Trainee: 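The structure that follows is given in the form of structure tokens.
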Amino acid sequence: MLTPFDDYPIHQTPAPIAQPVSADPNHYDRYWFNGYDRDGEFFLGGAMGHYPNRGVIDAAFSVVHDGVEHSVFASGQMPTDRSTRIGPLRIEIVEPLRTVRYVVEDNEHGVTADVTFRARTEAIEEPRQQIVRNNVR
């Protein structure tokens with residue numbers, strides 16, 4: 001299926017952007033964030049994953065304050081345009097590889113947030129990770 005991103009020159013294969021190269025059902029694209037104060041009294045964590053071979057998007061945001069964790073989770077059918085919004089959770093790319101915003105809108109859990117993460121260094125490409133199953137030597 002074609003998506004609006006197919007109009008951009010970003011293809012890595014001849015297939016449409018919505019079609020991952022891997023048929024592995026565990027293939028994913030994921031965001032993961034955390035932050036804390038220096039004395040460890042406050043912690044926040046956020047994540048969002050797209051699982052195109054499963055057709056699922058999920059996200060979570062947690063805050064730990066005074067030893068109590070407060071969390072919001074959302075999961076649903078992944079939109080074909082790879083939107084970074086599910087339920088009350090959304091991620092915005094403000095400036096690619098420099099500034100990302102994580103927003104938790106009003107919800108039944110009473111947890112809201114508007115957190116902007118700004119890079120302090122240049123982006124670094126991490127080495128690839130590969131899991132090989134049933135590797136016979």
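All residue numbers refer to positions in the sequence shown, counting from 1. Bear in mind the structure is a predicted one, so any value in this text is a computation, not a measurement.
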Trainee: Using the rule given for side-chain contact (heavy atoms from CB on, under 4.5 Å), can you reason through Glu92 versus Val100, listing the C-alpha separation, both sets of side-chain angles and the distance that settles it, and then say yes or no?
Mentor: CA-CA 6 Å; Glu92 300 173 6; Val100 178; over 6 Å; no
Trainee: Report yes if some heavy atom in the side chain of Val72 is under 4.5 Å from a heavy atom in the side chain of Pro88; otherwise report no.
Mentor: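 Yes; the side chains approach each other to less than 4.5 Å.
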Trainee: How would you list, by chain and number, every residue that makes a side-chain hydrogen bond (donor to acceptor under 3.5 Å, both in side chains) with Arg85, sequence neighbours excluded?
Mentor: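 Scan of Arg85 (side-chain hydrogen bond (donor to acceptor under 3.5 Å, both in side chains), adjacent residues dropped) gives Glu105.
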Trainee: Which pairs count as side chain to side chain donor-acceptor pair (under 3.5 Å) when at least one residue sits in residues 39-55, sequence neighbours excluded?
Mentor: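 Every pair satisfying side chain to side chain donor-acceptor pair (under 3.5 Å) with a residue in residues 39-55: Asn26-Arg54, Arg30-Tyr51.
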Trainee: Checking the side chain of Asp114 only, and the main-chain atoms of Val103 only, is there a donor and an acceptor separated by less than 3.5 Å?
Mentor: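 Checking the backbone N and O of Val103 against the side chain of Asp114, no donor-acceptor pair under 3.5 Å is found.
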Trainee: Can you tell me if Glu69 has over 12 outside heavy atoms packed within less than 6.0 Å of its CD?
Mentor: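 Above 12, so yes.
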Trainee: For residues Gly46 and Phe61, report the shortest heavy-atom separation together with the two atoms involved.
Mentor: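 The pair with the smallest heavy-atom distance is CA-CD1, 4.1 Å.
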Trainee: Is a side-chain N or O of Asp106 found less than 3.5 angstrom from the main chain of Gly110, in a donor-acceptor match?
Mentor: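 It does not hold such a pair.
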Trainee: Quick one: sort the Tyr102 and Phe33 rings into parallel, tilted or perpendicular, breaks at 30° and 60°.
Mentor: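 Correct class here is perpendicular.
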Trainee: Go through it in stages, so that I can follow the logic: the residues are Gln77 and Ile57, the test is side-chain contact (heavy atoms from CB on, under 4.5 Å), and I'd like the CA-CA distance, side-chain angles, deciding distance and then a yes or no.
Mentor: CA-CA 6 Å; Gln77 184 174 352; Ile57 177 176; over 6 Å; no
Trainee: Give a yes or no on whether Phe43 atom CZ has more than 12 heavy-atom contacts from other residues, nucleotides or ligands under 6.0 Å away.
Mentor: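 Counting neighbours around CZ of Phe43, more than 12 heavy atoms of other residues, nucleotides or ligands fall under 6.0 Å, so yes.
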Trainee: Go through Tyr31 and Ile93 one step at a time and tell me if the side-chain contact (heavy atoms from CB on, under 4.5 Å) criterion holds.
Mentor: CA-CA 11 Å; Tyr31 295 97; Ile93 305 302; 3.7 Å; yes
Trainee: Taking Asp58's backbone N and O only, do any of them form a donor-acceptor pair with Ser75's side chain (distance below 3.5 Å, no angle check)?
Mentor: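 Looks like no, no N/O pair under 3.5 Å.
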Trainee: Output a table of donor-acceptor pairs, distance under 3.5 Å, between side-chain atoms of residues 115-124 and any protein atom two or more places apart or on a different chain; print 'none' if there are none.
Mentor:
none

